[in-house]
Number of protein chains: 2
Amino acid sequence: MNDNLRIVIIEDDEVLRLGYQQLLFDIDGFSIVNTYASFDLAKSQLKADAPQVILLDINMPGTSGIEAIPEIKKTLPNCYVIILTVFDSPEVVFEALNMGADGYLTKNSSSEKIVEAVKDVCGGGGVMSINIARIVMSSFQKNLNSPLTKRETEILKRIAAGQTKIQIAEDLFIDENTVRSHVKNIYIKLDVNSKSEAIKAAKNNRFI
Amino acid sequence: MNDNLRIVIIEDDEVLRLGYQQLLFDIDGFSIVNTYASFDLAKSQLKADAPQVILLDINMPGTSGIEAIPEIKKTLPNCYVIILTVFDSPEVVFEALNMGADGYLTKNSSSEKIVEAVKDVCGGGGVMSINIARIVMSSFQKNLNSPLTKRETEILKRIAAGQTKIQIAEDLFIDENTVRSHVKNIYIKLDVNSKSEAIKAAKNNRFI
DNA sequence: GCTAAAATCACCCTTTTGGGGTGATAAATC
DNA sequence: GATTTATCACCCCAAAAGGGTGATTTTAGC
């Protein structure tokens, strides 16, 4: 028994799995307690392994990495999960972050970056590689070419927040008819004819 | 005239301004075309300076860095803006990213990180330092102690997307009454009695 | 295997909201 | 000076929301 950082690797590609293992094995203070080819294989062992950090692939046979995250967190509430994957579509990244991943690295990350990430994450930090940061950031960037005016955008935001026209009118100190009028214009501009379509269109195009 | 990367620094603290200038001045391929103590001072010169990258402080006398971003983007649509600041509240980060910032670094970033960031951002990417990533990521973390069941969460998500109960029922292949029933339970659990309150409560607590 | 929670569906009821149509006016912006 | 934006008024009706009550069937936890 020592004070080494207990690490588990879950990755279906054997070459990568061995590669990561070797990489981290050489690091002072790290202990690779186990490696698995899938979460389904790891599942029953995790409690005994008691890792402090898990390196997790997304794309695996059986339970996906995304689905695995909440299960891991349930079993080991204090374990940090770092996603290591080639896939980096915005949806997957957000799903992973939503599920509680503590870090997100792409597989082209350098050895030093991975080691650094493991250390950082235990310091209570989040880590993400540059292309992931790019994805996250671009998702925040509003579309600057929105056809909607400021007022229309404001109103659509509130509609998306579930407010009724009356509530919106009260909040903005304008008449309900004014809101109604704005909504009509929004629908025309977005070429839709219902609330849900408008919200969808606006979110897809980052108008709100 | 050479092919160097044209950089402008806008930072009110003289020591930091000179520090950054010196740091980047020594880098091969970088040209510091100008430095300013505020955006208001820089404003009229920017077009002539024609920088490809601007290092921008948030907290400045006069126009804030946040307000400056859209103005910069308007004047120089192809110029990358990297925020360099000590302040890193989530609101400020989101505001900056929303305004179109291409990068966000905190001032404790190492020299190498800053240089790396300037290079990376010109590769079309976003850059953010680790503590910013942390903030961004934590804002994505769902509350794992949600009182809502999976189904309820699914339905509340769809309500927040503006779907009606009927649409939700169709999408989930269940009866409208079932949706209604779930909604009632959601309202009870969240202690609300309307759609907008439910969405608000759920978003505040990151249940969805 | 038992029990509690979750998910499913069926009715009742009334009020609110949504969306379509038409038109007008002041203010801001270009 | 013309266009856009923001404001408000009135018509209509179908759709949706929300409240109440109760029941059945899976699922999941112990």
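All values reported here derive from a predicted model rather than from experimental measurement. Keep in mind that the numbers below use all heavy atoms, side chains included, and drop hydrogens, waters and symmetry copies. Convention: sequence-line order gives letters A, B, ...; per-chain numbering from 1.
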Closest nucleotide of DNA chain C for K195(B) versus for N177(B): which of these residues is on the 5' side?
->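 That would be N177(B).
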
How close or far is atom [atom2] of [N] from atom [atom1] of [X], stated in whole angstroms?
{"X": "I174(B)", "N": "dA10(C)", "atom1": "CD1", "atom2": "P", "value": "12 Å"}
{"X": "Y187(B)", "N": "dG20(D)", "atom1": "OH", "atom2": "C1'", "value": "15 Å"}
{"X": "I168(B)", "N": "dA7(C)", "atom1": "CD1", "atom2": "P", "value": "15 Å"}
{"X": "I186(A)", "N": "dG20(C)", "atom1": "CD1", "atom2": "C1'", "value": "16 Å"}
{"X": "I166(B)", "N": "dT17(C)", "atom1": "CD1", "atom2": "C1'", "value": "13 Å"}
{"X": "E176(A)", "N": "dG20(C)", "atom1": "CD", "atom2": "C1'", "value": "14 Å"}
{"X": "I188(B)", "N": "dG19(D)", "atom1": "CD1", "atom2": "P", "value": "9 Å"}
{"X": "K150(B)", "N": "dA6(C)", "atom1": "NZ", "atom2": "P", "value": "13 Å"}

Under 4.0 Å from OP1 or OP2 of [N]: is there any side-chain N or O of [X] that close?
{"X": "K165(A)", "N": "dG19(C)", "result": "yes"}
{"X": "R151(A)", "N": "dT7(D)", "result": "yes"}
{"X": "T149(B)", "N": "dA5(C)", "result": "no"}
{"X": "H182(A)", "N": "dT5(D)", "result": "no"}
{"X": "T164(A)", "N": "dT17(C)", "result": "yes"}
{"X": "S181(B)", "N": "dT8(C)", "result": "no"}
{"X": "K189(A)", "N": "dT5(D)", "result": "yes"}
{"X": "R180(B)", "N": "dA17(D)", "result": "no"}

In terms of side-chain geometry, is the basic nitrogen of E154(B) or K150(B) positioned less than 4.0 Å from the acidic oxygen of its partner?
-> no

Nucleotide nearest E152(B) (side chain, heavy atoms from C-beta), chosen from dG20(C), dA7(C), dC8(D) =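 Per side-chain heavy atoms of E152(B), the pick is dA7(C).
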
Mind checking if [X] touches a base, just sugar-phosphate, or nothing, with heavy atoms under 4.0 Å?
{"X": "N185(B)", "answer": "nothing"}
{"X": "K184(A)", "answer": "base"}
{"X": "D175(A)", "answer": "sugar-phosphate"}

Are [X] and [Y] linked by a side-chain donor-acceptor pair shorter than 3.5 Å?
{"X": "D40(B)", "Y": "T63(B)", "result": "yes"}
{"X": "S138(B)", "Y": "Q141(B)", "result": "no"}
{"X": "D49(B)", "Y": "N34(B)", "result": "yes"}
{"X": "N108(A)", "Y": "T106(A)", "result": "yes"}

Rounded to the nearest 0.5 Å, what's the gap from CZ on F39(A) to CE on M60(A)? Could you check?
->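 Atom-to-atom, F39(A):CZ and M60(A):CE are 8.0 Å apart.
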
